[in-house]
Amino acid sequence: MRYIIEKANEIRERYGIDDLELLASKLGAEVVELPLGRIIKEMYIKDEGVIVIDPNLHPYKKRHLIAHGLAHHLFHRRSRVNYFIEERNDYLNNWLLREHEKEAEVFAAYLLIPEDKLNAMLQQEWVKEYPNPIPALAEEFQVSENFMRKRLQFRDEYRC
């Protein structure tokens, strides 16, 4: 995962993350908003380089899913993984799918929540003393509380 984290840092430093749709276009992808139904909230069409996001999502969730889709665009578009699994016993495909999804989540987390800024915030006295700093941290980084928790788990898991 070190390469994924380094790539997220490199892209953020080079392009910034203020406008993720502009960032996507600079990286050769297009973001399109289309209603996707109740279950699917984002999908990446690798043959077209298109990240589809449900327009009804909260803006913070959209940021997360665009960053997630960018990871698929950057790292997985040449993969033969079939995201619409037809056979339930396809172990290799399922394993690759899980691995790709984890990579996409790690990339999105480190792109949207930079290590240096996160570490600086975690050292602030109010964060240490506050019983639950997750909502305030999530707001600071403009991500959902669940995604903030995930980023903190990655911090522990990858030591950064």
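Source: prediction; values computed, not measured. All values below were derived from every heavy atom in this structure, side-chain atoms included, with hydrogens, water molecules and symmetry-related copies excluded.
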Phe107 and His68 aromatic centres sub-6.0 Å: no
Glu145/Arg149 under salt bridge (Lys or Arg N to Asp or Glu O under 4.0 Å): CA gap, chis, key distance, verdict: CA-CA 6 Å; Glu145 291 180 27; Arg149 281 186 203 89; 3.7 Å; yes
Validation row: Leu23, Leu27 side chains within 4.5 angstrom (heavy atoms): yes
Glu48, CD atom: more than 12 neighbouring heavy atoms under 6.0 Å: no
Inter-residue atom distance Glu115.CD - Leu122.CG, 0.5 Å rounding: 11.0 Å
Minimum side-chain heavy-atom gap Lys117-Glu140 below 4.5 Å: yes
Cluster overlap Tyr60 with Ile66, hydrophobic side-chain contacts below 4.5 Å: no
Distance, nearest 0.5 Å, that separates CG of Asn56 from CZ of Arg38: 12.0 Å
Approximate separation, where rounding is to 0.5 Å, of Met121 CE and Asp116 CG: 12.0 Å
Rounded distance [0.5 Å steps], OH in Tyr3 versus CD in Glu103: 10.5 Å
Evaluation steps, side chain to side chain contact (heavy atoms under 4.5 Å, CB included), between Leu118 and Leu152: CA-CA 9 Å; Leu118 175 61; Leu152 292 171; 4.1 Å; yes
Carboxylate-amine/guanidinium proximity below 4.0 Å for Glu157 and Lys102: yes
Heavy-atom pair with the smallest gap, counting every atom of Cys160 and Ile5: SG-CD1, 3.9 Å
Nearest non-hydrogen partners of Ala136 and Trp126, listed with the distance: CB-CH2, 3.5 Å
Pairwise distance CE(Met148) to CD(Glu139) - rounded to 0.5 angstrom: 12.0 Å
Reference residue Leu65; test side-chain contact (heavy atoms from CB on, under 4.5 Å); the match among Leu57, Asp54, Leu20: Leu57
Over all atoms of both residues, closest heavy-atom pair of Val106 and Met1: CG2-SD, 4.0 Å
For the student: nearest non-hydrogen atoms of Phe154 and Ala109, plus distance: CD1-CB, 3.7 Å
Lys150 and Glu105, any side-chain heavy atoms less than 4.5 Å apart: yes
Non-hydrogen side-chain atoms of Ile11 and Leu70 separated by less than 4.5 Å: no
Rounded distance (nearest 0.5 Å) linking atom CG of Leu111 with atom CG of Leu74: 9.5 Å
Side chain proximity check, Ser25 to Glu30, heavy atoms < 4.5 angstrom: no
CA sep, side-chain torsions, deciding dist, call: Met43, Leu36, side chain to side chain contact (heavy atoms under 4.5 Å, CB included): CA-CA 9 Å; Met43 68 180 183; Leu36 294 171; 4.2 Å; yes
Minimum side-chain heavy-atom gap Phe141-Leu112 below 4.5 Å: no
For His76 against Ala104, the heavy-atom pair lying closest together: CE1-N, 4.5 Å
Charged N-O contact under 4.0 Å between Glu33 and Lys62: yes
Distance-minimising heavy-atom pair for Pro55 and Pro35: CD-N, 3.5 Å
Row check, Tyr110 ring normal vs Arg151 NZ/CZ: under 6.0 Å, within 45°: yes
Side chains of Ile45 and Ile51 in contact at under 4.5 Å (non-hydrogen atoms): no
Pair Glu42-His64, side-chain donor/acceptor within less than 3.5 Å: no
Lys61 and Val143: CA distance, side-chain angles, deciding distance, side chain to side chain contact (heavy atoms under 4.5 Å, CB included) verdict: CA-CA 7 Å; Lys61 187 65 174 176; Val143 297; over 6 Å; no
pair Tyr44-Arg77: side-chain heavy atoms closer than 4.5 Å: yes
